[in-house]
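For reference, the structure discussed in these notes is given below.
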Protein chains: 2
Amino acid sequence: MAIPRAAKTQRRTRIQEEKEEQILEAALDVFSVSGFRGSTIDQIAEVAGMSKPNLLYYFRTKEAMHRALIDRVLFTWLEPLRAFNAQGNPESEIRGYIRRKLEMARDFPRESRLFANEVLQGAPHIEDELKGPLKELVDEKAAVIRAWAKAGKIVKCDPYHLIFSIWSTTQHYADFDVQVRAVLGQGQSGEGRFEDAARFLEQLFVDGLSVRPNQPAS
Amino acid sequence: MAIPRAAKTQRRTRIQEEKEEQILEAALDVFSVSGFRGSTIDQIAEVAGMSKPNLLYYFRTKEAMHRALIDRVLFTWLEPLRAFNAQGNPESEIRGYIRRKLEMARDFPRESRLFANEVLQGAPHIEDELKGPLKELVDEKAAVIRAWAKAGKIVKCDPYHLIFSIWSTTQHYADFDVQVRAVLGQGQSGEGRFEDAARFLEQLFVDGLSVRPNQPAS
DNA sequence: TGTAATGTTTACCAGTCGGTCAAATTATCC
DNA sequence: GGATAATTTGACCGACTGGTAAACATTACA
């Protein structure tokens with residue numbers, strides 16, 4: 001017999017590590033496109049190149065796979081916000097945050113879509129994470145931004161909505177990639193679009209759109 | 001016999017109109033939450049309060065229902081962009097566009113999520129609409145914005161990315177509603193959040209975030 | 001009021017879904 | 001090399017999926 005499924009064994013086998021890695025990689029592929037309900041274990045098994053029962057040997061249920069995937073990805077996903085530094089220069093911190101978020105949208109679009117799918121569908125599996133760790137982190141950084149505004153280092157604005165706007169504008173390029181490509185057309189939908197986006201967003205967040213005749217030349 | 005399904009009859013019955021309306025309403029409820037793959041005809045039938053075969057009497061397939069829903073909603077959805085007026089004042093046109101998009105996110109969140117789900121999952125059913133009508137409309141309005149910038153009425157920026165940023169920031173409040181609520185917490189997640197968002201976005205798009213000592217007092 | 005067209009329901013189908021089981025295979029370690 | 005534990009597989013299950021067939025009920029209209 002056997003069935004000391006991953007959880008029960010104290011030490012994880014080489015095979016266990018490899019296969020779990022393989023499965024989560026495939027799961028990311030599938031879940032990020034079709035969401036939890038729209039994805040099937042068979043699809044994931046096929047992408048992972050193993051049989052369904054074999055996959056279920058490592059993760060007892062579809063939910064467990066999804067859970068493990070979310071847990072693994074969430075930490076990385078919040079890294080850019082965590083790196084947001086209270087001691088730094090406000091403008092360059094915000095600029096840096098936008099840049100890092102945009103890089104993640106470019107380099108990890110599947111991770112972005114995984115969360116987008118989940119949140120869009122009502123976040124039935126990650127509500128706790130949103131209300132707990134995420135909220136706490138945002139609260140902390142919002143306080144920093146508010147302090148900057150109070151000290152006159154930055155314009156007075158709602159820090160929460162500022163963070164939302166950075167999330168939405170940057171993640172848009174991962175989550176709505178097909179739309180962005182469709183609208184930009186053949187010519188501009190290459191990788192250069194991320195540099196264009198970075199340039200635009202920097203301009204937007206720093207100076208806005210209106211022409212200001214009195215602005216000192218830089 | 002019978003089965004002159006909706007399509008075949010030249011004139012639509014009162015019952016047909018009512019029932020199709022009822023079905024599409026239910027379909028919007030379901031598709032906007034679970035996406036196409038994740039939704040089932042049974043769910044829609046239950047929400048619509050009718051039996052599955054009855055529902056399939058009006059729409060032959062799940063795809064047909066989705067198609068009809070998309071077609072009906074797309075026109076409305078693009079209305080704010082269509083209303084964007086080349087002859088108007090640039091700043092107030094952009095401001096107005098943001099406001100109208102935000103109102104739509106508030107008043108028609110299901111419609112927003114329907115498209116978000118679809119695009120997020122690779123837009124398998126609306127690719128033609130994106131590359132056709134949508135792209136044309138955006139191209140047209142982008143040209144207007146570019147002309148404004150050239151005339152010095154607005155700061156020089158990439159008009160496409162400007163439009164993307166307006167889409168993303170406003171639709172965020174519909175698509176990621178649960179996340180917004182979770183982060184804002186009990187206190188601020190009431191309807192007032194839309195007014196806060198409007199205030200912030202107006203500020204962002206007009207003036208950006210940096211403090212400008214030379215700006216003339218208004 | 002009768003009847004033909006329209007609308008609704010029950011019963012059903014084949015394929016897919018998440019998941020189980022026991023047997024077979026492979027790795028590990030003495 | 002052999003015992004033991006870990007891994008993999010094929011066959012299978014009941015529930016659900018999108019969709020159909022035909023009987024039944026209702027409506028519209030002459």
Side-chain angles (χ1 to χ4, degrees), chain A residues 1-27 29-31 33-69 121 124-125, chain B residues 1-27 29-31 33-69 121 124-125:
Chain A
M1 54 167 72
I3 323 188
R5 251 148 176 162
K8 274 212 171 176
T9 50
Q10 24 262 76
R11 206 179 299 169
R12 291 174 54 198
T13 319
R14 173 185 54 86
I15 294 185
Q16 265 172 43
E17 299 216 11
E18 285 176 11
K19 288 299 166 83
E20 286 176 13
E21 176 65 34
Q22 221 178 105
I23 292 169
L24 290 180
E25 172 68 19
D29 257 17
V30 175
F31 281 135
V33 168
S34 305
F36 183 78
R37 283 221 56 196
S39 303
T40 72
I41 299 181
D42 295 83
Q43 281 175 63
I44 298 170
E46 199 192 326
V47 173
M50 49 178 98
S51 67
K52 180 166 63 170
N54 194 8
L55 199 143
L56 286 163
Y57 172 75
Y58 292 100
F59 297 93
R60 265 196 281 272
T61 64
K62 187 179 159 186
E63 282 237 13
M65 286 186 34
H66 193 253
R67 179 71 292 136
L69 188 58
Q121 310 195 352
H125 306 94
Chain B
M1 52 166 73
I3 323 186
R5 252 147 176 163
K8 274 213 168 175
T9 50
Q10 23 261 76
R11 206 179 299 172
R12 292 173 55 200
T13 319
R14 172 185 55 88
I15 293 185
Q16 266 173 42
E17 299 216 10
E18 283 176 13
K19 289 298 167 83
E20 285 176 13
E21 175 65 35
Q22 222 179 104
I23 291 169
L24 290 180
E25 171 68 21
D29 257 18
V30 175
F31 281 136
V33 168
S34 305
F36 183 78
R37 281 220 59 196
S39 303
T40 72
I41 300 181
D42 294 84
Q43 281 176 63
I44 298 171
E46 199 192 325
V47 173
M50 49 178 98
S51 68
K52 179 166 64 170
N54 195 7
L55 199 144
L56 285 163
Y57 171 73
Y58 292 100
F59 297 94
R60 267 196 278 273
T61 64
K62 187 178 159 186
E63 281 236 13
M65 285 187 34
H66 193 253
R67 187 57 301 132
L69 189 57
Q121 309 195 353
H125 305 94

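Since the model is a prediction, treat every value here as computed from it, not as a measurement. Protein chains get the first letters and strands the later ones, always in sequence-line order, with residue 1 at the start of each.
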Interatomic distance where OH belongs to B:Y57 and P belongs to C:dG7 [whole Å]
4 Å
Looking only at side-chain N and O atoms, does B:N54 come under 4.0 Å of OP1 or OP2 in C:dT9?
yes
Atom CG of B:L56 to atom C1' of D:dG19: distance rounded to whole Å?
6 Å
Can you tell me how far apart CD1 (A:I44) and CD (A:E25) are? Round to the nearest 0.5 Å.
12.0 Å
How about B:R37 and A:T40: do any of their side-chain heavy atoms sit closer than 4.5 Å?
yes
Using atom CD of B:Q16 as one end and atom C1' of C:dA5 as the other, report the distance to the nearest whole Å.
11 Å
Proximal nucleotide (of D:dT20, C:dG19, D:dA11) relative to the A:P53 side chain:
D:dA11
If you pin B:R37 and A:K19 to their nearest nucleotides in DNA chain D, which one's is more 5'?
A:K19
Is the number of heavy atoms from other residues, nucleotides or ligands within 6.0 Å of CD (B:E46) greater than 12?
no
Can you check whether B:Y58 has a side-chain N or O nearer than 4.0 Å to OP1 or OP2 of C:dT8?
yes
Rounded off to whole Å, could you give me the CD1-to-P distance for the A:I23 and D:dT7 pair?
11 Å
Name the nucleic acid region contacted by B:T40, choosing base, sugar-phosphate or nothing; use a 4.0 angstrom heavy-atom cut-off, strictly under.
sugar-phosphate
Whole angstroms only, please: what is the CZ-C1' distance between A:F59 and D:dT7?
15 Å
Please verify the inter-ring angle class for B:F31 with B:F36; under 30° counts as parallel, over 60° as perpendicular, anything in between as tilted.
parallel
Using a 4.0 Å heavy-atom cut-off, does A:K52 contact any base of the nucleic acid, only the sugar-phosphate backbone, or nothing at all?
base
Test B:F59 against every option in B:I23, B:I41, B:L69 by the side-chain contact (heavy atoms from CB on, under 4.5 Å) rule and name the one that passes.
B:I23
How many Å lie between CD1 on B:I41 and P on C:dT16, as a whole number?
16 Å
Is there a side-chain polar atom (N or O) of B:S51 under 4.0 Å from OP1 or OP2 of C:dT8?
no
Write down the distance between NZ (B:K62) and C1' (D:dT17), rounded to a whole number of angstrom.
8 Å
Rounded distance in Å - CD (A:E18) to P (D:dT7):
11 Å
